2 protein chains.
Amino acid sequence: MDTKPPAFDVMSPECPSRLILQRMGDKWTPLVFLALQSGPRRFSQVRSDIGGVTPKVLTQTLRALERDGLLTRTIYPEVPPRVEYELTDVGATLLGPFDVIRDWAQTHAAQILESRDSFDGRTEHR
Amino acid sequence: MDTKPPAFDVMSPECPSRLILQRMGDKWTPLVFLALQSGPRRFSQVRSDIGGVTPKVLTQTLRALERDGLLTRTIYPEVPPRVEYELTDVGATLLGPFDVIRDWAQTHAAQILESRDSFDGRTEHR
DNA sequence: TCATATGGTTACCTCATGGATACCAAGCCG
DNA sequence: CGGCTTGGTATCCATGAGGTAACCATATGA
């Protein structure tokens, strides 16, 4: 059995949608996508775009996204070296889902924050 | 359109969209939503729907979602006690974004898995 | 009296992850 | 020679997420 197309078992930890969700939910992934959405950027550009990310963690994030084919890493063998990261076509299609989340958040953020305050108030004197 | 609400600073760790993404990317949140999408369920029902989740972690997940106003927790003071969880209206609106992710995953899962295999092959002999 | 059922809580442990810091390689240039 | 650049690694450590197992409160009913 080589391919078992759709019909995901969403209850399984193997389900691709879980994989995607966890990628998107990663602390730095959305910021990398944001930094790259307008075109290729160099490592240190992305790093300063984002701010607060250590090189190790940024490398980890970029490698994971490269591995999944969501961005490309191009080394220009110059001196000093230049490395550019760029969203692939597949990676770019994830910008849509990101927008959906952003829209949802924009619409409901106030309710959620209010709910948190209210909940904390209620649970203090339990 | 007429209102330009907060205009989120997406680069900030405080940005609500980050908060939402991390909720959705949580290991058990999607499964809880799936379990509750057709109506209220009891604690032990959700637990066995999901499978593999320990009561502690399920409680943590449910509390976090309750705190954010995405679901309600109703205690029926019977003996033995009965507790039902149900998506709120706000919570139900998140099913849409979840579908978007699921659709994206369904469309691109094969490419991603293939990219992973290929990448692993290439990096083995570095 | 004691088991049973529900819906948890609590203490404890482990291991992966994130982060801070320091360091490196290559080559040009002064 | 030695310093400058970029794009990372190497190393260590603290944190915390998540899991295991034990326990609890309550009332019913055998």
Side-chain angles (χ1 to χ4, degrees), chain A residues 11-14 18-19 21-32 35-36 40-68 71-86 119 122-124 126, chain B residues 11-14 18-19 21-32 35-36 40-68 71-86 119 122-124 126:
Chain A
M11 280 303 183
S12 157
E14 310 297 329
R18 291 269 293 272
L19 188 148
L21 274 168
Q22 281 171 35
R23 270 272 169 288
M24 294 181 71
D26 177 88
K27 184 170 180 182
W28 301 108
T29 295
L31 305 188
V32 169
L36 295 183
R41 302 283 283 166
R42 305 177 60 169
F43 183 85
S44 38
Q45 287 176 323
V46 174
R47 189 181 168 188
S48 64
D49 283 346
I50 291 181
V53 63
T54 61
K56 185 184 98 172
V57 176
L58 181 56
T59 297
Q60 285 173 354
T61 304
L62 291 168
R63 287 286 196 284
L65 296 175
E66 184 196 3
R67 182 176 127 100
D68 285 352
L71 55 80
T72 56
R73 175 172 179 265
T74 308
I75 306 170
Y76 298 89
E78 308 165 353
V79 170
R82 184 162 58 100
V83 179
E84 281 192 348
Y85 294 90
E86 184 170 19
F119 191 81
R122 270 180 285 125
T123 47
E124 261 165 21
R126 258 190 185 168
Chain B
M11 279 304 182
S12 157
E14 310 297 329
R18 292 270 292 273
L19 187 150
L21 273 169
Q22 281 172 35
R23 271 271 171 285
M24 295 179 72
D26 177 89
K27 185 170 181 182
W28 302 108
T29 296
L31 305 187
V32 169
L36 296 183
R41 302 282 284 166
R42 304 178 59 171
F43 182 86
S44 39
Q45 287 176 323
V46 174
R47 189 181 169 188
S48 65
D49 284 346
I50 292 181
V53 64
T54 61
K56 185 185 99 173
V57 176
L58 182 55
T59 298
Q60 285 173 354
T61 304
L62 291 169
R63 286 286 195 284
L65 296 175
E66 185 196 2
R67 182 178 129 100
D68 284 352
L71 55 80
T72 56
R73 176 174 179 263
T74 309
I75 306 170
Y76 298 90
E78 307 165 353
V79 169
R82 183 162 59 99
V83 179
E84 280 192 349
Y85 296 90
E86 184 171 18
F119 190 82
R122 271 180 283 126
T123 49
E124 259 164 21
R126 259 189 186 170

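None of these values were measured; they are calculated from a predicted model. Chain letters run A, B, ... following the sequence lines, proteins first, then strands; residues in each count from 1.
Of all non-hydrogen atoms in B:Pro40 and B:Glu84, the two that sit nearest each other are CB-OE1, 3.9 Å. Nearest heavy atom pair, residue A:Arg73 against residue A:Ile75, reads NH1-CD1, 3.7 Å.
Comparing the axis of the opening five pairs of the helix from C:dT1-D:dA30 to C:dG30-D:dC1 with that of the closing five pairs yields an angle of 40°, rounded to 10°.
Chain A approaches DNA chain D over the interval D:dT5 to D:dT11, counting the first and last nucleotide 5' to 3' with an atom under 4.0 Å from its heavy atoms.
Within the model, atoms CG of A:Asp68 and CZ of A:Arg63 stand 13.5 Å from one another, a figure rounded to the nearest 0.5 Å. In this structure, OG1 in A:Thr74 is found 9.0 Å from CD in A:Glu66, a value given to the nearest 0.5 Å. Separating the CH2 atom in A:Trp28 from the OG1 atom in A:Thr54 is a distance of 7.5 Å, to the nearest 0.5 Å.
Seen from the ring of A:Tyr76, A:Arg82 counts as a face-on cation partner, given the 6.0 Å and 45° thresholds.
At a cut-off of 3.5 Å, with distance as the only test, no side-chain donor of B:Tyr85 or B:Arg41 sits close to an acceptor on the other residue.
For A:Gln45 (side chain) and A:Arg42 (main-chain N/O), a donor-acceptor pair under 3.5 Å exists by modelled atom type. Side chain of B:Thr29 to main chain of B:Arg23: a donor-acceptor pair is present (N/O by atom type, distance under 3.5 Å, no hydrogens or angles). Side-chain atoms of A:Thr72 come within 3.5 Å of backbone N or O of A:Glu86 as a donor-acceptor pair.
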(message) How would you summarise protein contacts on nucleotides 3-19 of chain C per nucleotide, using B for base, S for sugar-phosphate only and - for none, with heavy-atom distances below 4.0 Å?
(response) ---BSSSBB------BB

